[in-house]
There are 2 protein chains.
Amino acid sequence: MREVAERAGVSIATVSFVLNGTKPVSPATRARIEAAMAELGYRRNVVARALARRRTNILAMVYPALDHRIGSAAAEFFTSAADAARTLDYHLVLWPVGSDGADLRELVGQGLADGVVLTEVQLHDPRLAILQETSTPFTLIGRTAEPGGLSYVDIDFDATVDLALQHLHDQGHRDIALISGDPRFEDYGPYVRTEAAYLRLAKDPLVVPSANTPASGKAAASRLPDHITAVLVLNEYAALGAASTRTVLPLLMTPETAALSTTPLTYLRTPAAELGRLATQALIQQLQGAPTPTPHLLPATLQERP
Amino acid sequence: MREVAERAGVSIATVSFVLNGTKPVSPATRARIEAAMAELGYRRNVVARALARRRTNILAMVYPALDHRIGSAAAEFFTSAADAARTLDYHLVLWPVGSDGADLRELVGQGLADGVVLTEVQLHDPRLAILQETSTPFTLIGRTAEPGGLSYVDIDFDATVDLALQHLHDQGHRDIALISGDPRFEDYGPYVRTEAAYLRLAKDPLVVPSANTPASGKAAASRLPDHITAVLVLNEYAALGAASTRTVLPLLMTPETAALSTTPLTYLRTPAAELGRLATQALIQQLQGAPTPTPHLLPATLQERP
DNA sequence: TCCCAGGACTGAAACGGTTCAGTGACATCG
DNA sequence: CGATGTCACTGAACCGTTTCAGTCCTGGGA
């Protein structure tokens with residue numbers, strides 16, 4: 001940068017001004033500086049910039065990648081969030097951490113990321129405490145049991161289940177079961193909230209668990225009593241298996257997974273891209289000093305069989 | 001850091017020494033400094049540290065996430081690479097870029113990442129030129145048409161196809177076809193190299209293309225002449241569909257995808273975790289001044305049906 | 001003609017660490 | 001007893017920007 005300044009016959013401060021558009025610079029000098037930068041192949045050092053400004057313009061999406069593999073919904077969160085960040089002049093990277101929070105503590109408060117998008121949120125998530133005690137700005141994709149005051153975006157499970165039941169009812173189904181998730185994940189919001197919504201809304205509720213594999217879904221479906229004519233399925237891979245035996249309606253599926261079905265499928269599409277985008281925008285607003293952003297709850301949307 | 005130094009009655013240099021173990025410090029002062037750090041809740045600022053040392057200890061895995069979604073193999077690369085990086089005291093993050101290279105150029109040479117792991121490498125990959133002209137250390141997962149002198153890890157397609165044909169031959173199959181990838185991806189190494197290996201090794205070769213979906217794989221399989229008794233399938237999702245009609249042997253599958261099959265599957269497992277690990281290690285060796293690391297070629301390994 | 005406002009640019013102090021040439025104090029050696 | 005090392009620690013330069021209080025110059029108003 002000093003070289004650029006010398007070559008253009010100005011001070012480094014002026015170079016900085018044209019780089020950032022911070023202060024007005026006459027067209028003539030601006031041109032000289034830009035020429036000098038081009039000739040020297042100058043690239044500003046983002047680390048030094050980050051140090052001086054006390055922000056890096058980097059956002060970390062933390063994902064417990066060291067534990068679960070990245071699923072199709074997570075991939076969609078990531079892609080759309082990264083995209084949204086880019087249009088707002090931030091970088092969003094996927095930061096792998098274990099789920100225990102040790103790595104998270106290391107990442108945070110060291111000034112590397114300006115803020116954090118937290119995914120795979122548990123109802124009682126120990127990672128929140130870390131973020132709060134280090135006063136790191138953050139937004140959740142998902143939410144805890146008591147998310148009051150937090151910045152989050154999440155699926156509107158009530159509306160989603162309602163939509164699903166309504167749709168099946170319109171098709172003439174009256175006895176509708178739910179194939180839910182593995183009951184061991186009792187602290188996982190989507191499972192708990194979907195079940196709760198279903199139990200509240202369904203006429204004659206029947207819930208059976210299933211792991212997130214086609215085989216498990218198929219087995220669960222075959223255990224259903226005969227009067228059940230249709231079934232909501234929470235896990236997308238379980239839905240794939242169950243679909244071979246019953247009328248199923250997957251509640252949270254991505255188009256990628258739907259494409260894996262051999263028969264065309266009507267399903268509820270996870271609003272993953274929208275959530276990723278909203279989360280990023282909420283986080284950035286927060287960074288720019290907006291007050292507590294209003295949380296967003298989005299329902300999955302009906303995707304009719306082609 | 002200055003506060004820590006004052007509280008411990010030493011200079012900031014000494015604090016730095018205990019932080020990094022750079023120089024010997026007497027046990028007594030070390031204890032005082034550590035106490036002071038604990039009391040103040042001090043965390044070193046990684047940005048300042050990176051500026052002073054001219055390296056960030058961050059590695060970027062660049063993935064064209066803005067174009068394709070992240071597949072199961074990519075997820076596995078990422079996870080294992082991040083893990084390997086961690087044990088060597090580096091952080092590896094997933095950096096989303098478009099495939100055109102504009103974002104890559106921005107990322108690189110700005111001093112944010114010490115090195116790059118490049119994925120989804122094309123046979124003629126324009127991104128290589130960018131990395132080379134900015135003299136960024138990098139390692140490929142995959143390889144270009146002429147990878148001489150480059151640091152890379154990749155699948156040994158010859159050995160993989162050989163292993164596959166051998167296995168099917170042992171089972172009594174003599175007429176073995178290949179369901180390959182979408183011919184539009186003519187610059188994609190795995191497709192090209194697998195086909196080449198198959199054409200060279202198979203007795204009476206027959207190649208049919210397929211997109212990476214079960215439906216497409218099934219259609220491709222149904223188009224095969226009757227004397228074909230077994231088929232190698234390149235794309236894992238295509239393999240899922242083809243498996244319902246023929247004896248198939250998927251060439252590059254991940255366990256996650258295999259779990260989606262309703263019937264148990266014998267398949268060749270992509271050595272994704274190993275490749276991710278090796279790539280990271282090669283990159284870090286390079287950063288630490290080792291000469292050109294020797295490339296690694298790994299075959300997929302046979303995973304017998306349970 | 002003089003004064004003053006405003007625009008364009010400069011100098012130097014941060015930002016928070018790392019690193020290296022020194023500085024004492026103390027032990028060792030001839 | 002003086003010279004020489006060794007060990008623990010310090011001071012200050014440096015990493016490459018941003019930022020802010022000034023300085024200088026120009027033009028317009030009185």
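The sequence lines fix the lettering, A, B, ..., with proteins before strands; numbering per chain opens at 1.
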Polar side-chain atom of [X] near backbone of [Y] as donor-acceptor pair, under 3.5 Å:
X: Asn45(B); Y: Val47(B); answer: yes
X: Thr56(B); Y: Ile58(B); answer: yes
X: Thr14(B); Y: Val25(B); answer: no
X: Asp187(A); Y: His124(A); answer: yes
X: Gln286(B); Y: Phe138(B); answer: yes
X: Ser151(B); Y: Thr139(B); answer: no
X: Ser135(A); Y: Gln132(A); answer: no

Subject >> Given dT10(D), dA12(C), dC9(C), the nucleotide with the shortest approach to the side chain of Ala13(B) >> reply: dT10(D)

Does [X] place a side-chain N or O at less than 4.0 Å from the phosphate oxygens OP1/OP2 of [N]?
X: Thr14(B); N: dC9(D); answer: no
X: Ser26(B); N: dA8(D); answer: no
X: Thr22(B); N: dT18(C); answer: no
X: Ser16(B); N: dT18(C); answer: yes

Protein-nucleotide distance ([X], atom [atom1]; [N], atom [atom2]), rounded to Å:
X: Arg32(A); N: dA8(C); atom1: CZ; atom2: P; value: 14 Å
X: Ile33(A); N: dT10(C); atom1: CD1; atom2: C1'; value: 12 Å
X: Asn20(A); N: dT17(D); atom1: CG; atom2: P; value: 11 Å
X: Arg2(A); N: dT18(D); atom1: CZ; atom2: P; value: 15 Å
X: Leu19(A); N: dT18(D); atom1: CG; atom2: C1'; value: 11 Å
X: Met1(B); N: dT19(C); atom1: CE; atom2: P; value: 11 Å
X: Met37(A); N: dG16(D); atom1: CE; atom2: P; value: 17 Å
X: Ile12(A); N: dC15(D); atom1: CD1; atom2: P; value: 12 Å

Subject >> Strand contacts (DNA chain C) in residues 44-57 of chain A, 4.0 angstrom heavy-atom criterion >> reply: Leu51(A), Ala52(A), Arg54(A)

Original post:
If the sugar-phosphate is the primed atoms plus P, OP1 and OP2 and the base is the rest, what is the B/S/- string for nucleotides 22-27 of chain D, using protein heavy atoms under 4.0 Å?
Top reply: ------

**OP:** Using only heavy-atom distances, determine whether the side chains of Asn20(B) and Arg49(B) contain a donor-acceptor pair under 3.5 Å.
**Re:** yes

Original post:
Just checking, is any N or O donor in the side chain of Thr144(B) or Asp125(B) under 3.5 Å from an acceptor N or O on the other one?
Top reply: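 Asp125(B) and Thr144(B) do not have a side-chain donor-acceptor pair below 3.5 Å.
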
**OP:** Identify, between Val15(A) and Gly9(B), the residue whose nearest nucleotide on DNA chain D lies closer to the 5' end.
**Re:** Gly9(B)

Original post:
CG/Leu118(B) to CG/Leu104(B) distance, rounded to the nearest 0.5 angstrom?
Top reply: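 It is 7.0 Å, given to the nearest 0.5 Å.
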
Original post:
How many angstroms lie between CG in Leu140(A) and CD in Gln122(A), if you round to the nearest 0.5 Å?
Top reply: 12.0 Å

**OP:** Return the angle between end axes of the helix from dT1(C)-dA30(D) to dG30(C)-dC1(D), with five pairs used per end and rounding to 10°.
**Re:**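 Computed angle between terminal axes is 60°.
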
Original post:
Is the shortest distance from a Lys or Arg side-chain nitrogen in Arg105(B) or Glu133(B) to a carboxylate oxygen in the other one below 4.0 Å?
Top reply: yes

